[in-house]
Amino acid sequence: MLIETGGLVALIAAGSLMFGFLGTVLAGILAVIAVVVLSLRLTSQFRELTEDVIRMTSIDRSHRLDPTGPAELTRLARAVNRLVERVDDDISEDTEERIRLSSILNSMREGVVVVDDQGVIESANPASVEMLASLGEVEPGMQLTSLTNHPDVIRVVTESMETEKPISAEIELFDNQRTLMAVSTPFPRPDTDVVRALLLLTDLTDIRRLDTTRREFVSNASHELRTPLAGIRASAETLQRGAIDDPEGRGQFLKMIREDVERMDMLITEMLELSRLESGESALIFEDVGPQVLIDTAVKKFSAIAVDAEVELNSVFSGDLPMVSVDAEKIDHVFTNLISNAVKWTPVGGTVTVKGWVDDGTVWFSIADTGLGIEPEHLPHIFERFFKTDAARSQTGTGLGLSIARHIVDAHGGVISATSTVGEGSEFAFTVPTDRS
Ligand code: ADP
């Protein structure tokens, strides 16, 4: 531009030197025409530049200005290009950061919710929506109450913002039977006095359930161990008080002590077995066995006991049974528990039948008796640990046998169930898959 202006001045000076006044006038007119032409070109270059800037900032961020033309415009175009590139880099970094943050939040098992001081949700990850069992869609901008109405959740969030301290509470959700730990931590919005709350939700359901199971186990085990211990103490005291000098009484009390010790031994053995099965410590050793072999082994073991109890024990097979892939020792334990229960609860003259059959590729076993049967209200609980029906309380038995059987069948990927009619008998059936793959 400077060069062009200098050129015009030089033109007028040259005109007046060479042609006098007329030359000056002509040179002046030429100069005016040149100025008009130049400014028109400049205006159009500015218009193009403006359109390019608009395009680059609002339509196509990859577009860049063409740094050609007058020196000032070239510099301006280069400066604008640099500025746009820097802004572009900042936006990309910001977008990447947002994507990274949202993928972390989306994949978290903990619920994370950010709430502002008006109770408006700024962000809520899917885990928080799932944990609080929110019914509708939850979007940023909605009130916290659209995510949950639980008074304790609302309280920890509000209190943490009011006191500007972290507040936590253990929360029971009755709708979905969950226990959550809710921790709300206040944090300021950058460059303002406004305080927001970051609510972190952790699911404690499994831990609490395990705690309850463990407590119940300890209390049940102590209770079961106390009975034989009390028996041993009573027998020992009676012996001490003089029964020891009576040869007949002495023998009887020593027999009682021995029976109580055996009961405790059985209880401890079964508790250990159950605990090993539950913790997955007791690994199964699979082998291919014929179902008939499994049934024959178990039935043979009980033949003398059944004769003593005057109960008929027999086995039935239907069709050709395929080999099963099982931990034979553990499955024998299932048979032992089920057959011993059946013989125990079947009165003299009754029958216990062990059956094996195949249905749709699955091998089934069942142990049916013609015994006392189980009351319908007890039937759903008989596989629970330490469960005994009223009739069984006075009997020896730990209440763990069926629980152990269920764990072993579960570990094989099978199912176990019971049906019973009081006064007619019971039938326990379980499956063992033939194909382990
Ligand atoms: P237990 O060591 O007491 O036999 P189980 O877990 O094997 O423990 O059985 C739980 C309870 O289920 C028993 O106490 C008994 O009341 C009931 N039960 C199990 N099998 C039979 C059966 N075949 N007939 C009647 N009641 C049974």
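Just follow the structure's listing: the first ligand is 1, and inside any ligand the first atom is 1.
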Q: May I ask you to check whether Phe335 and Phe430 place their ring centers less than 6.0 Å from one another?
A: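 Ring centres of Phe430 and Phe335 closer than 6.0 Å.
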
(Q) Ring centroids only, cut at 6.0 angstrom: are His223 and Phe386 within range, meaning strictly under it? (A)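 Ring centroids of His223 and Phe386 are no less than 6.0 Å from each other.
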
May I ask you to list the atoms of ligand 1 that are less than 4.0 angstrom from any heavy atom of [X]?
X	result
Lys344	4 (O)
Lys388	3 (O), 14 (O)
Leu400	6 (O), 8 (O)
Gly399	1 (P), 2 (O), 3 (O), 6 (O), 8 (O)
Ser426	24 (N)
Gly401	5 (P), 6 (O), 7 (O), 8 (O)

Q: Could you grab the distance from atom CZ of Arg64 to atom CG of Asp66, nearest 0.5 Å is fine?
A: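 Output value for this atom pair is 13.0 Å.
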
Please classify the [X] to ligand 1 contact at 4.0 Å (heavy-atom distances, strictly less than): side chain, backbone, both or neither.
X	result
Ile374	side chain
Phe428	side chain
Asp369	side chain

Around [atom], find the nearest protein heavy atom and jot down its residue, atom name and distance.
atom	result
atom 13 (C) of ligand 1	Ala392 CB, 4.1 Å
atom 24 (N) of ligand 1	Trp345 CB, 3.4 Å
atom 6 (O) of ligand 1	Leu402 N, 2.8 Å
atom 12 (O) of ligand 1	Ile382 CG2, 3.7 Å
atom 11 (C) of ligand 1	Phe387 O, 3.6 Å
atom 4 (O) of ligand 1	Asn341 OD1, 3.0 Å

Q: Find out whether His333 and Glu329 are in side-chain contact, i.e. whether some heavy atom of one side chain is under 4.5 Å from a heavy atom of the other.
A: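 A side-chain contact is absent here, since even the closest heavy-atom pair is not under 4.5 Å.
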
**Q.** Sub-4.5 Å side-chain heavy-atom contact between Ser168 and Met181
**A.**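 Ser168 reaches Met181 side chain to side chain.
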
Q) Is the shortest distance from a heavy atom of Asn337 to ligand 1 less than 4.0 Å? A)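 Under 4.0 Å: no for Asn337.
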
